Amino acid sequence: MNFQLIYEQILESNIINFLIMVSILVFIFKKCRLGDLIDAMADEIKNNVDISYKNVENAKKRYKETELEAKKTEQKKEEISKNSKELIQKLQEKNGFEIEKKTKDIEENLNKTKENILSSKVQKVTKTVQEAVYLCSVDTIKNMLNYDMQKKIILESLDELDDFSFIQEGRR
């Protein structure tokens with residue numbers, strides 16, 4: 001029986017401790033208003049979930065709108081391309097004569113410019129050839145003068161040699 005008595009005392013003491021602990025927790029809950037805090041946290045979580053849900057719905061809606069706009073954009077692109085090609089064709093037809101005329105004018109100007117450049121180059125070459133001929137002529141004339149001068153000097157030297165050899169013959 002002793003065990004039974006001890007067991008009952010332990011059981012009674014734990015029940016008392018449990019009741020004291022529950023009383024303290026209830027007092028703390030009431031004093032600190034933890035219930036309000038937990039309710040506020042639950043409300044905040046609920047609001048965040050609601051906002052997230054709304055954001056997901058808005059994102060889905062925007063995605064669908066964007067898909068529609070992308071399809072419309074492709075159609076607009078094709079329409080603009082078609083209109084541009086038609087406009088280009090009309091402009092080509094309208095301005096075809098002017099383009100041909102301008103092309104001919106440009107070709108004529110190009111030919112005139114080529115002729116002017118060729119003429120200028122021919123003049124430069126002619127001038128260079130004339131200068132070369134002039135220089136060659138001057139050199140030839142100088143050489144001729146030198147030849148004539150050399151001939152004259154040689155003849156004079158021979159004359160002097162003749163005089164000198166005559167003098168030397170008379171000494172013998």
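None of these values were measured; they are calculated from a predicted model.
The CG atom of Asn48 sits 11.0 Å away from atom CG of Asp43, with the distance rounded to the nearest 0.5 Å. We find the CD-CG distance between Glu108 and Asn111 to be 8.0 Å, quoted to the nearest 0.5 Å. Distance CD1/Ile51 to CG/Asn58: 11.5 Å, rounded to 0.5 Å. Taken to the nearest 0.5 Å, the OG1 atom of Thr73 stands 9.5 Å off from the CD1 atom of Ile80. Note: Asn47 CG to Lys54 NZ = 8.5 Å, rounded to the nearest 0.5 Å. Put simply, CG on Leu110 and OG1 on Thr103 are 12.0 Å apart, with the number rounded to the nearest 0.5 Å.
With sequence neighbours left out, the side-chain contact (heavy atoms from CB on, under 4.5 Å) criterion links Ser120 to Lys124. Partners of Ile117 by side-chain contact (heavy atoms from CB on, under 4.5 Å), not counting sequence neighbours, listed by chain and number: Thr113, Lys121.
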Tell me, with the steps shown, if Lys114 and Leu118 meet side-chain contact (heavy atoms from CB on, under 4.5 Å). CA-CA 6 Å; Lys114 284 180 182 179; Leu118 182 62; over 6 Å; no
Under the side-chain hydrogen bond (donor to acceptor under 3.5 Å, both in side chains) rule, what do Tyr63 and Glu67 come out as? Steps first, then yes or no, please. CA-CA 6 Å; Tyr63 176 74; Glu67 279 185 332; 2.9 Å; yes
Could you give me the CA-CA distance, side-chain angles and deciding distance for Tyr53 and Glu57, then say whether side-chain contact (heavy atoms from CB on, under 4.5 Å) is met? CA-CA 6 Å; Tyr53 179 76; Glu57 290 298 317; 3.5 Å; yes
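None of Lys76, Lys82, Glu74 except one satisfies the side-chain contact (heavy atoms from CB on, under 4.5 Å) rule with Glu78; the exception is Glu74.
Few gaps surround CD on Glu131; more than 12 heavy atoms of other groups in view lie less than 6.0 Å from it.
Proximity of a side-chain donor or acceptor of Ser81 to a complementary backbone N or O of Lys77 within less than 3.5 Å is not detected. At least one donor-acceptor pair under 3.5 Å links the side chain of Ser23 to the backbone N or O of Leu19.
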